Number of protein chains: 2
Amino acid sequence: MKTKRNNITTLEQFKDKNYGKRGNAKREQLEAGYENFKIGALIHEARLEKGLTQAELAEKVGTTKSYISKIENDIKEVRISTLQRIIELGLGGQLQLSIKL
Amino acid sequence: MKTKRNNITTLEQFKDKNYGKRGNAKREQLEAGYENFKIGALIHEARLEKGLTQAELAEKVGTTKSYISKIENDIKEVRISTLQRIIELGLGGQLQLSIKL
DNA sequence: TAAACAGTTGCACTAACGGGCAACTCTCTA
DNA sequence: TAGAGAGTTGCCCGTTAGTGCAACTGTTTA
């Protein structure tokens, strides 16, 4: 079998290795506990929980790893339908939406 | 003062008057309890809870009532940023997003 | 070293769609 | 009747989400 050799593929690894390293948006979101949620962090975390790489997720969804990366870093705006597609096809999950008044 | 004379401006009125009348998406969503949520129904309900008309909501958000109508009826796709704008500026609420894996 | 994997970033393209305008329907009141 | 308010719908256009490619930076293993 092909063993995974490197890089971050679980949430724990990410938190251990990257948390607090760079002054990026991802870390700030973790610190803020997603109070000001960003979609990117949401997908990022879910993907790691599933143990998928960006390329693997991209393939399931029918897109490219570069696009996944852009979404996770909130570089590109996402349509809700696209978000649903990623979550359902790629992560086997469901998008939950609600309004807190 | 200018009194509101007509049409539906509360959730109760909507349910009383429209529920089950037409075979539209809105009714089906109400019946399904939003299992297959649609953004439209979400905004629609929140708007009625706030007692706003489409035009009033539109003005707060800086858009038109026609656009609000299209979103509520799921005719148009919504961007997440737009959804946030509507909920925050227009309804004074917060959009809650999560992924159920 | 190097090679392979994971992720980021830049650039350029285009079909799709967000969003506006205006005209329409429907309902209620006078 | 008519007029006004609430909501729907058709048409249109400019923007941009989504894509594709390629080059880049780490990081890990051999």
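Every value quoted in this text rests on a predicted model; they were computed, and no experiment measured them. Worth knowing before you read on, the calculation uses all heavy atoms, side chains too, and leaves out hydrogens, waters and symmetry mates. Chain A is the first sequence line, chain B the second, and so forth, proteins listed ahead of strands; every chain is numbered from 1.
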Visitor: Nearest to the side chain of B:Arg85, which nucleotide is it out of D:dG7, C:dA6, C:dG19?
Guide: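 When the side chain of B:Arg85 is considered, C:dG19 is the closest of D:dG7, C:dA6, C:dG19.
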Visitor: Can you check whether A:Leu91 reaches A:Val61 side chain to side chain, under 4.5 Å on heavy atoms?
Guide: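 Sidechains of A:Val61 and A:Leu91: no contact.
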Visitor: If the helix axis at each end comes from five base pairs, how far does the helix from C:dT1-D:dA30 to C:dA30-D:dT1 deviate from straight, to 10°?
Guide: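 The two end axes of the helix from C:dT1-D:dA30 to C:dA30-D:dT1 meet at 40°.
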Visitor: Would you say CD of A:Glu77 has more than 12 non-hydrogen atoms from neighbouring residues, nucleotides or ligands within 6.0 angstrom?
Guide: yes
Visitor: Please name all residues satisfying side-chain hydrogen bond (donor to acceptor under 3.5 Å, both in side chains) with A:Glu88, sequence neighbours left out, ordered by chain then number.
Guide: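 Scan of A:Glu88 (side-chain hydrogen bond (donor to acceptor under 3.5 Å, both in side chains), adjacent residues dropped) gives none.
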Visitor: Between the protein and nucleotides 12-14 of chain D, are there any N/O to N/O pairs under 3.5 Å, and if so, what are the atom names and distances?
Guide:
none

Visitor: State which residues pass side chain to side chain contact (heavy atoms under 4.5 Å, CB included) with B:Thr82; sequence neighbours excluded, sorted by chain then number.
Guide: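 Partners of B:Thr82 under the side chain to side chain contact (heavy atoms under 4.5 Å, CB included) test: B:Tyr67, B:Val78, B:Arg79, B:Arg85, B:Ile86.
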Visitor: What's the CD-C1' distance between A:Glu72 and C:dT8, to the nearest Å?
Guide: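 Atom-to-atom, A:Glu72 to C:dT8, this comes out as 11 Å.
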Visitor: Atom CG of B:Leu48 to atom P of D:dG7: distance rounded to whole Å?
Guide: 8 Å
Visitor: B:Leu83 has an atom CG; how far is it from atom P of C:dC17, in whole Å?
Guide: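 Rounding to the nearest Å, CG of B:Leu83 and P of C:dC17 are 17 Å apart.
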Visitor: Below 4.0 angstrom from OP1 or OP2 of C:dC17, is there any side-chain N or O of B:Arg79?
Guide: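 For C:dC17, OP1/OP2 do not have a side-chain N/O of B:Arg79 under 4.0 Å.
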Visitor: Using a cut-off of 4.0 Å between protein heavy atoms and nucleotide atoms, how would you tag nucleotides 20-25 of chain D 5' to 3' with B, S and -?
Guide: BBB---
Visitor: For B:Asp74 and B:Gly40, which heavy atoms make the closest approach, and how far apart are they?
Guide: OD1-N, 3.1 Å
Visitor: Round to the nearest Å and state the distance from A:Arg47 atom CZ to C:dA6 atom P.
Guide: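 From A:Arg47 CZ to C:dA6 P: 10 Å.
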Visitor: Can you name the side-chain hydrogen bond (donor to acceptor under 3.5 Å, both in side chains) partners of A:Thr64, sequence neighbours left out?
Guide: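 For A:Thr64 the side-chain hydrogen bond (donor to acceptor under 3.5 Å, both in side chains) partners, ignoring immediate neighbours, are A:Ser66.
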Visitor: Return the set of residues passing side-chain hydrogen bond (donor to acceptor under 3.5 Å, both in side chains) with B:Ser98 (not counting sequence neighbours), or none when no residue passes.
Guide: none
Visitor: State which of D:dG7, C:dT9, C:dG18 makes the closest approach to the side chain of A:Ile75.
Guide: C:dT9
Visitor: So, using side chain to side chain contact (heavy atoms under 4.5 Å, CB included) as the criterion, who are the partners of A:Lys60 when residues are at least two apart?
Guide: A:Leu52
Visitor: Report the distance from atom CG of A:Leu52 to atom P of C:dA6, rounded to the nearest whole Å.
Guide: 11 Å
Visitor: Establish, with yes or no, whether the OP1 or OP2 oxygen of C:dT8 is under 4.0 angstrom from a side-chain nitrogen or oxygen of A:Ser69.
Guide: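 The answer is yes; a side-chain N or O of A:Ser69 sits under 4.0 Å from OP1 or OP2.
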Visitor: Charged N to carboxylate O under 4.0 angstrom, B:Glu72 versus B:Arg47?
Guide: yes
Visitor: Whole angstrom is fine here: how far is it from CG in B:Leu57 over to C1' in D:dG7?
Guide: 13 Å
Visitor: Are B:Leu83 and B:Ile71 packed together at the side-chain level, in the sense that at least one heavy-atom pair is separated by less than 4.5 angstrom?
Guide: no
Visitor: Is the shortest side-chain heavy-atom distance between B:Ile43 and B:Leu57 below 4.5 Å?
Guide: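 The answer is yes; the side chains approach within 4.5 Å.
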Visitor: Quickly work out the B:Ile71 CD1 to C:dG18 P distance and round it to whole Å.
Guide: 8 Å
Visitor: Working to the nearest 0.5 angstrom, can you tell me the gap between A:Ile39 CD1 and A:Asn73 CG?
Guide: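 Those atoms lie 12.5 Å apart.
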Visitor: Quick one: is A:Asn73 getting a side-chain N or O under 4.0 Å of the C:dG7 phosphate, OP1 or OP2?
Guide: no
Visitor: Could you tell me the separation between the CD1 atom of A:Ile39 and the C1' atom of D:dA17, rounded to a whole number of Å?
Guide: 14 Å
